[in-house]
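Read through the structure below, which is laid out as structure tokens, and then see the notes.
Hydrogens, waters and symmetry mates play no part in the numbers below; they use all other heavy atoms, side chains included. This chain uses plain numbering: 1 for the first residue, then up along the sequence.
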Amino acid sequence: MRSWWIGACALLSSGAVQAEASGSIYAKVGAWEISAEPPRCIMQGFFGNKDGKKVDGLTVLYAADKEGVLLIWSNNWMTYLPANGELDLGLVFGKGTSVDASWGSSKLRYEKVGKDYLFTRAFKDAQAADKFLRDFAESQVVGLTLGATLLTSFKLDASEAITKLRECSLSGSGA
């Protein structure tokens with residue numbers, strides 16, 4: 001399992017996580033693009049502000065064979081941070097007027113790659129990975145917090161995309 005996480009981080013750092021680079025698009029669902037790196041699959045969505053200068057990305061790398069998920073949050077706007085380190089960030093999900101903060105916070109390692117900062121959070125066991133995917137699919141919004149401050153949030157609309165991500169990873173092959 002450890003070698004898979006190291007390989008996933010290397011994949012992200014190399015830029016190969018971009019679906020265009022991998023050349024194996026499995027599906028496009030709304031704002032989400034799912035690409036295959038058999039038996040692992042990657043789901044990505046990018047979100048910009050109105051002027052397009054602030055860009056955030058969410059990437060979910062799922063490997064059914066390893067029963068794990070790697071969440072990567074990327075952004076181009078946290079330029080005040082050193083090139084690498086850790087931040088204690090919270091993960092919250094929202095649906096309607098309710099907020100689920102049960103994920104709490106954890107230290108997320110980050111690294112600056114080009115102009116972007118990549119933050120990673122691993123869900124290494126089957127139960128945590130399944131719960132994360134379920135919460136991601138069923139929630140309308142996901143947010144990242146620093147203490148009590150909301151750093152950023154995204155409208156998800158990811159139910160069908162998570163279904164395709166699971167299908168992609170379980171199929172063990174590209175499109």
CZ of F136 to CG of L71, rounded to nearest 0.5 Å, is 6.5 Å

Exercise. Does E86 CD have over 12 foreign heavy atoms under 6.0 Å away?
Worked result: yes

If you count every heavy atom of other residues, nucleotides or ligands that lies below 6.0 Å from K54 atom NZ, does the total exceed 12?
yes

| task | Spell out, as yes or no, whether a donor-acceptor pair under 3.5 Å connects the side chain of E67 to the backbone of A129. | result | no

Check: D116 and V55 side chains under 4.5 Å, non-hydrogen atoms:
no

Does F119 belong to the same Ile/Leu/Val/Met/Phe/Trp/Tyr cluster as V141, with side-chain heavy atoms less than 4.5 Å apart forming each link? no

Between W73 and L151 the two heavy atoms that sit nearest each other are CH2-CD1, 4.2 Å

Rounded to the nearest 0.5 angstrom, the NZ-OG distance for K164 and S171 is 10.0 Å

Task: Residue pair L89 / L146, side-chain heavy-atom distance below 4.5 Å - done: yes

CD of Q44 to OG of S74, rounded to nearest 0.5 Å, is 8.0 Å

Taking C-beta and beyond as the side chain, do I42 and Y26 meet within less than 4.5 Å on heavy atoms?
no

Checklist entry - Linking I/L/V/M/F/W/Y whenever any side-chain heavy atoms sit under 4.5 Å apart, do V92 and L58 land together? => result no

Heavy atoms of N76 and K53 approach each other most closely as ND2-O, 2.9 Å

If you define the side chain from C-beta out and look only at heavy atoms, does anything of W103 sit under 4.5 Å from F123? yes

Rounding to 0.5 Å, atoms CD (E167) and CD1 (I162) come to a distance of 12.5 Å

Point to revise | W32 and F47 aromatic ring geometry - parallel, tilted or perpendicular at 30°/60° bounds | key: perpendicular

Applying side-chain hydrogen bond (donor to acceptor under 3.5 Å, both in side chains) to E138 and not counting sequence neighbours gives none

From the list L81, L118, T120, side chain to side chain contact (heavy atoms under 4.5 Å, CB included) partner of Y110 resolves to L81

Applying side-chain hydrogen bond (donor to acceptor under 3.5 Å, both in side chains) to K131 and not counting sequence neighbours gives D135

Rounded to the nearest 0.5 Å, the CG atom of L144 sits from the OG1 atom of T149 at a distance of 13.0 Å

